[in-house]
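First up is the structure itself, then whatever we jot down about it.
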Amino acid sequence: MVVVLVLVLIALGSVAFHLLSPWWWTPIASNWNYIDNTIIITFWITGFVFVAVVCFVAYCVFRFRHKPGNRAAYQPENKRLEWWLAGGTALGVAAMLTPGLVVWKQFVTVPADAGEVEVVGQQWQWSFRLPGADGRLGRADNRAVTPDNPLGVLTSDPAGLDDIIISGGDLHLLLAKSVRVHLRSLDVLHDFYVPEFRAKMDMIPGSVTYFWFAPTRTGTFEVLCAELCGVGHSQMRGSVVVDDAEAYQGWLQQQQTFSQLMAALEPAK
């Protein structure tokens with residue numbers, strides 16, 4: 001009976017802790033409430049299965065407890081039970097996967113009017129690149145990275161000359177404006193993650209990944225690296241500042257373009 005009581009308390013305590021827990025997600029600051037909803041659906045499905053399994057084990061311990069003279073009945077297989085278990089498991093897995101697939105399609109389908117920003121990760125800092133007056137990001141290549149050109153912007157592409165370079169500073173974004181985030185790593189695997197935005201994606205050396213989101217409230221939000229990238233992983237932090245239109249334009253006018261940075265380096269050379 002002690003084992004039965006402990007199992008029941010584990011099931012009830014787990015549900016109570018989940019519902020009454022003081023630890024929950026940070027308030028969302030983007031359009032990706034769909035991700036929260038998907039996680040909650042997963043919680044309910046897995047929580048129901050967990051409680052059902054634990055309670056079933058408790059029932060079996062109580063119902064088939066040892067009694068003098070009782071003998072266990074051996075049944076090598078039960079096709080009806082196996083079909084029920086296989087069917088129930090398949091339905092549960094489908095119920096968890098389907099919302100995720102729907103959200104994933106939205107996650108990688110970028111709106112036509114979305115802006116662009118490039119995030120570059122390296123041990124152990126974040127750098128950013130925004131389109132200039134032409135509204136387009138120029139091409140970049142990790143093989144073109146030098147001390148004078150830390151993001152590897154290709155000087156042969158005219159579209160990159162007016163790109164705005166932010167090396168190790170804060171990234172500013174416009175409130176309610178959808179933005180496609182291009183992700184590039186210069187060394188090892190990183191992951192650009194702002195908890196309030198929910199959206200995140202691995203940054204894989206040698207390739208460019210992407211996702212999109214739309215900020216829904218102004219403020220300053222911390223950037224974290226969500227992949228173990230070396231001894232300085234925990235210090236690889238930055239900030240994303242979401243501004244209204246006036247504040248964003250004021251910040252934008254203070255930034256230097258790639259061509260201006262290159263011109264500033266000429267006298268030093």
Test log, rule side chain to side chain contact (heavy atoms under 4.5 Å, CB included), inputs M236 and H190 | CA-CA 10 Å; M236 188 170 174; H190 298 288; 3.5 Å; yes
With sequence neighbours excluded, what pairs up with T218 under the side-chain contact (heavy atoms from CB on, under 4.5 Å) test?
-> L175
L183, V110: one ILVMFWY side-chain cluster at the under-4.5 Å cut-off?
-> yes
Neighbour count above 12 (heavy atom, 6.0 Å) for E246 CD = no
Donor-acceptor pair, D157 side chain versus R139 backbone, under 3.5 Å?
-> yes
Value for CG (L161) from OG1 (T155), rounded to nearest 0.5 Å, stands at 7.5 Å
Residues that S234 engages under side-chain contact (heavy atoms from CB on, under 4.5 Å), provided they are two or more places apart | none
Separation between CG of D163 and CD of Q256, rounded to the nearest 0.5 Å = 14.0 Å
Tell me, do L171 and L130 make a side-chain contact under 4.5 Å, heavy atoms counted?
-> yes
Tell me, yes or no, whether the heavy-atom count around F64 atom CZ, taken from other residues, nucleotides or ligands under 6.0 Å, exceeds 12.
-> yes
Among all residues two or more places apart in sequence or in another chain, which pass the salt bridge (charged side-chain N to carboxylate O under 4.0 Å, His left out) test with D244?
-> none
Under 3.5 Å: donor-acceptor pair, side chain of R129, backbone of F258 = no
Would you call L173 and F213 a side-chain contact if the rule is heavy atoms closer than 4.5 Å?
-> yes
Do D170 and V240 touch side chain to side chain, with heavy atoms closer than 4.5 Å?
-> no
Closest non-hydrogen atom pair between I166 and Q255, with its separation = CG1-OE1, 4.3 Å
Would you mind listing the cluster partners of L189? Hydrophobic ones only (ILVMFWY), side-chain contacts under 4.5 Å, chaining allowed.
-> I204
Any donor and acceptor pair, going by atom type alone, linking the side chain of N142 with main-chain N or O of S185 inside 3.5 Å?
-> yes
Hey, is CZ on R180 packed in by over 12 heavy atoms from elsewhere, all under 6.0 Å?
-> yes
Which residues share a side chain to side chain donor-acceptor pair (under 3.5 Å) with D202, sequence neighbours left out = none
Could you give me the CA-CA distance, side-chain angles and deciding distance for V153 and N149, then say whether side chain to side chain contact (heavy atoms under 4.5 Å, CB included) is met?
-> CA-CA 7 Å; V153 181; N149 185 5; 4.0 Å; yes
Evaluate the side-chain proximity of E196 to E222: yes if any heavy-atom separation is below 4.5 Å, no if none is.
-> no
Contact summary for P158 and S156, nearest pair of heavy atoms = CD-O, 3.4 Å
Results of ring pair (Phe, Tyr, Trp, His ring centres under 6.0 Å) for W23 - residues two or more places apart only | none
With W25 via side chain to side chain donor-acceptor pair (under 3.5 Å) - residues at least two apart | none
Residues in ring pair (Phe, Tyr, Trp, His ring centres under 6.0 Å) with F221, at least two apart?
-> F197
Please tell me if the side chains of R136 and P131 come closer than 4.5 Å, counting only heavy atoms from C-beta onward.
-> no
What closest approach, in Å, do P99 and A94 show between heavy atoms, and which atom pair accounts for it?
-> CD-O, 4.4 Å
Let me see the working for Q123 and V188 under side chain to side chain contact (heavy atoms under 4.5 Å, CB included), right down to the final yes or no.
-> CA-CA 8 Å; Q123 295 172 316; V188 299; 3.8 Å; yes
Output the distance between atom CZ (F192) and atom OG1 (T209), rounded to the nearest 0.5 Å.
-> 11.0 Å
Under the 4.5 Å side-chain heavy-atom rule for ILVMFWY, direct or indirect, which residues accompany L5?
-> L9
Value for CG (L91) from CE (M96), rounded to nearest 0.5 Å, stands at 11.5 Å
Heavy-atom donor-acceptor pair, D191 side chain to E227 backbone, under 3.5 Å = no
Measure the shortest side-chain to side-chain distance between F128 and I165 over non-hydrogen atoms and say whether it is less than 4.5 angstrom.
-> no
Could you tell me which non-hydrogen atom of L151 sits nearest to which non-hydrogen atom of A140, and how far apart they are?
-> O-CB, 4.0 Å
Enclosure of W83 CH2 (heavy-atom neighbours >12, cutoff 6.0 Å) | no
Indicate yes or no: at least one non-hydrogen side-chain atom of R143 is less than 4.5 angstrom from one of L154.
-> no
Partner residues of R80 under the side chain to side chain donor-acceptor pair (under 3.5 Å) criterion, sequence neighbours left out = none
H18 and W44 aromatic centres sub-6.0 Å = no
Quick one: which of W104, F211, F107 gives a ring pair (Phe, Tyr, Trp, His ring centres under 6.0 Å) with W32?
-> F107
To the nearest 0.5 angstrom, please state how far the CE atom of M203 sits from the CG atom of L186.
-> 8.0 Å
Single-linkage hydrophobic cluster Y210~Y193, side-chain heavy atoms < 4.5 angstrom = no
Side chain to side chain contact (heavy atoms under 4.5 Å, CB included) between H172 and L252, worked out = CA-CA 8 Å; H172 286 240; L252 199 61; over 6 Å; no
Does V103 share a hydrophobic cluster with V108, counting links as ILVMFWY side-chain heavy atoms below 4.5 Å and allowing steps through other members?
-> yes
With no hydrogens and no angle check, is any side-chain donor or acceptor of W212 less than 3.5 Å from a backbone partner on T109?
-> yes
Is there a donor-acceptor pair closer than 3.5 Å between any side-chain N or O of K177 and the backbone N or O of D113?
-> yes
Main-chain N/O of L174 paired with D243 side-chain donor or acceptor, under 3.5 Å | no
Under a 4.5 Å side-chain heavy-atom rule over Ile, Leu, Val, Met, Phe, Trp and Tyr, are V241 and V179 clustered together?
-> no
Would you say Y248 and V242 make side-chain contact, with heavy atoms under 4.5 Å?
-> no
Does CH2 belonging to W251 count more than 12 external heavy atoms closer than 6.0 Å?
-> yes
Are the side chain of T216 and the backbone N or O of S30 linked by a donor-acceptor pair below 3.5 Å?
-> yes
State which residues pass side chain to side chain donor-acceptor pair (under 3.5 Å) with E116; sequence neighbours excluded, sorted by chain then number.
-> H182
Should we count CZ of F50 as having more than 12 external heavy atoms under 6.0 Å?
-> yes
Atom pair CD1/OG1 of I39 and T46 - distance to nearest 0.5 Å = 11.0 Å
For K200 against A226, the heavy-atom pair lying closest together | CE-CB, 3.6 Å
May I ask whether I10 and V3 are part of the same hydrophobic cluster, defined by side-chain heavy atoms of I, L, V, M, F, W, Y residues being less than 4.5 angstrom apart, directly or through others?
-> yes
To which residues is L101 joined in a hydrophobic cluster, defined by side-chain heavy-atom contacts under 4.5 Å among Ile, Leu, Val, Met, Phe, Trp and Tyr, whether direct or through other members?
-> none
So, does R65 use its side chain to make a donor-acceptor pair with the main chain of F62 at under 3.5 Å?
-> yes
